[in-house]
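Beneath this line is the structure, given in structure tokens, with notes to follow.
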Protein chains: 2
Amino acid sequence: MTAVNGRASTTASGADAGSAGGSAAAGYGPAGDTVAAVVRQWQAVHPRIDTAPMEIIGRINRCAALLQQAEDAPLRHAGLTRPEFDVLGTLRRTGHALTPGEIARETFSSGAAVTKRLKQLGERGLIERHGDTRDRRVTHVHLTDAGRDLVDRVLPEQLSYERTALSGLDDDAQRGLAAALGELLVQLEGRLGGPRG
Amino acid sequence: MTAVNGRASTTASGADAGSAGGSAAAGYGPAGDTVAAVVRQWQAVHPRIDTAPMEIIGRINRCAALLQQAEDAPLRHAGLTRPEFDVLGTLRRTGHALTPGEIARETFSSGAAVTKRLKQLGERGLIERHGDTRDRRVTHVHLTDAGRDLVDRVLPEQLSYERTALSGLDDDAQRGLAAALGELLVQLEGRLGGPRG
DNA sequence: CCTAAACCTTTTACTAGTAAAATACCTGCT
DNA sequence: AGCAGGTATTTTACTAGTAAAAGGTTTAGG
């Protein structure tokens with residue numbers, strides 16, 4: 001990913017901090033986080049504006065950017081980008097071979113992007129392709145032993161890193177946040193993701 | 001945002017759906033969102049693993065990806081990418097000229113990326129540069145009238161779009177989520193963003 | 001004064017994504 | 001059978017980011 005790129009100045013694409021409002025780094029005052037500072041600036045410029053969405057969406061984006069930056073460390077140490085790890089992880093957790101199309105749907109990426117990643121991962125011996133004998137348009141992708149071992153080695157490191165990143169919140173706060181995000185996600189997936197098949 | 005590119009197949013950067021675990025699109029069962037389905041798959045493969053971090057981080061990433069996709073619509077309609085709008089918005093909300101370095105810090109992007117965006121935006125007549133007379137390394141960037149008008153026109157559309165995206169949650173849920181995310185963000189910014197100056 | 005170090009911005013070379021076209025194949029209809 | 005249309009994957013042309021180096025300028029020390 002670009003997404004995996006470090007920023008830290010963080011990444012682009014990845015993820016910019018601000019929602020509609022962009023983002024702020026310096027000089028955040030009384031209330032605390034950078035998003036609150038951005039909202040305050042907008043309020044000063046356009047007092048009538050309803051900035052409520054920024055307080056959720058801006059924060060989600062900013063959290064995603066910061067976490068990604070942090071999470072990249074263990075992955076990069078293993079020589080993987082996040083999208084590459086997503087491919088391997090998808091194969092590992094489903095437990096069976098998948099077609100490139102299925103991987104694309106599972107990881108929410110384009111088919112072309114998956115093709116490129118599979119090429120890379122294949123060259124490194126982490127996955128293999130086998131053509132379908134029935135339908136020769138289709139290929140089946142599966143993890144090699146090396147690929148499976150890599151996932152099983154990296155995943156605990158990754159989760160440990162994530163636990164550390166979240167450790168500023170107590171267990172109750174974490175459970176509450178997970179539940180609230182789950183509620184939002186159900187809404188968004190129904191609304192934006194389409195009444196999926 | 002890279003984190004914030006549209007995907008939706010969405011984009012990179014932006015943001016993949018899964019945290020450590022990658023992401024799932026199809027076949028989500030009882031509990032509801034795609035992240036819950038991914039977590040269930042991992043539990044089946046590695047029953048001892050503590051997947052709690054995925055339930056927060058995976059959901060943040062997935063929400064960011066979905067929202068981005070949705071939010072890109074009004075911006076694209078105005079011929080802007082999100083990072084470009086972030087630059088314009090930063091100039092608008094601070095209310096005065098900024099140097100490229102300051103813009104980079106405000107938008108959490110690299111200096112090189114800002115240089116490219118400023119070039120684009122300058123060619124479209126939305127911003128202008130003026131060299132500093134004291135320190136000739138420095139340039140000052142400010143919005144043109146056209147740039148300011150564009151921001152003032154797009155921002156309400158953007159916020160309106162965001163409000164719609166969030167409308168599945170009632171006001172209390174939105175306030176609670178904003179507060180919980182703010183708490184997390186304060187922690188992350190202190191921990192990962194550095195004890196900023 | 002003059003040089004070394006630090007700084008701000010831009011340039012260069014490269015990477016990884018996207019959209020759309022191309023390729024190859026299957027399915028169903030007549 | 002043969003062809004129209006749809007599907008799965010890859011390829012092509014391009015875009016926008018990154019890291020690192022370069023260019024030009026100021027600041028501090030001797």
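In the text below, chain A, chain B and the rest are named by the order of the sequence lines, each starting its count at 1.
- Distances shorter than 4.0 Å separate some side-chain N or O of Thr99(B) from OP1 or OP2 on dT9(C).
- For Lys119(A) and Val114(B), each mapped to the nucleotide of DNA chain D holding its nearest heavy atom, the one lying further toward the 5' end belongs to Lys119(A).
- The CD-C1' distance, from Glu106(B) to dC8(C), rounds to 17 Å in whole Å.
- Position along DNA chain C of the nearest nucleotide to Leu118(B) versus Ala112(A) favours Leu118(B) as the more 5'-ward residue.
- Toward the 5' end of DNA chain C, the nearer of the two residues Ala113(A) and Arg136(A), judged by each one's closest nucleotide, is Ala113(A).
- Whole-Å rounding puts the Asp132(B) CG to dT26(D) P distance at 9 Å.
- For the atom pair CD1 (Ile57(A)) and OH (Tyr161(B)), the distance works out to 11.5 Å, reported to the nearest 0.5 Å.
- Proximity note for Thr115(A) (side chain, C-beta onward) versus dT10(D), dA16(C), dG17(D): the nearest is dT10(D).
- In this entry the distance linking CZ of Arg76(B) with P of dA19(C) reads 8 Å, nearest Å.
- Closest to the Asp135(B) side chain, of the nucleotides dT10(C), dA16(C), dT25(D), is dT25(D).
- Rounded to whole Å, the distance from NE2 on His130(B) to C1' on dT9(C) is 17 Å.
- Of the listed nucleotides (dA16(C), dG17(D), dT9(D)), dT9(D) has the atom at the smallest distance from the side chain of Thr139(A).
- Here the side chains of His142(B) and Glu128(B) are in contact, with some heavy-atom distance below 4.5 Å.
- Listed pair Arg129(A) / dT9(D) fails the phosphate criterion, with no side-chain N or O lying under 4.0 Å from OP1 or OP2.
- The CD atom of Gln120(B) sits 16 Å away from the C1' atom of dT10(C) (whole-angstrom rounding).
- If you take CD of Glu102(B) and C1' of dC7(C), they are 14 Å apart, rounded to a whole angstrom.
- Minimum atom distance to the side chain of Val138(B) is reached by dT9(C), of the listed dT9(D), dG17(C), dT9(C).
- In this structure, Lys116(A) places its NZ atom 8 Å from C1' of dT15(C), rounding to the nearest Å.
- For the pair Ile127(B) CD1 and dT9(C) C1', the computed distance is 13 Å after rounding to whole Å.
- Residue Phe85(A) holds its CZ atom at 7.5 Å from CG of Leu150(A), rounded to the nearest 0.5 Å.
- Atom CD1 of Ile60(B) sits about 14.5 Å away from atom CE of Met54(B), to the nearest 0.5 Å.
- Contact of Arg137(A) with dT7(D) (side chain to base): a donor-acceptor pair of N or O atoms is detected under 3.5 Å.
- Nucleic acid contact for Thr81(B): none, since no nucleic acid atom lies under 4.0 Å from a heavy atom of the residue.
- With rounding to the nearest 0.5 angstrom, the CG atom of Leu181(A) is 4.5 Å from the CG atom of Leu177(A).
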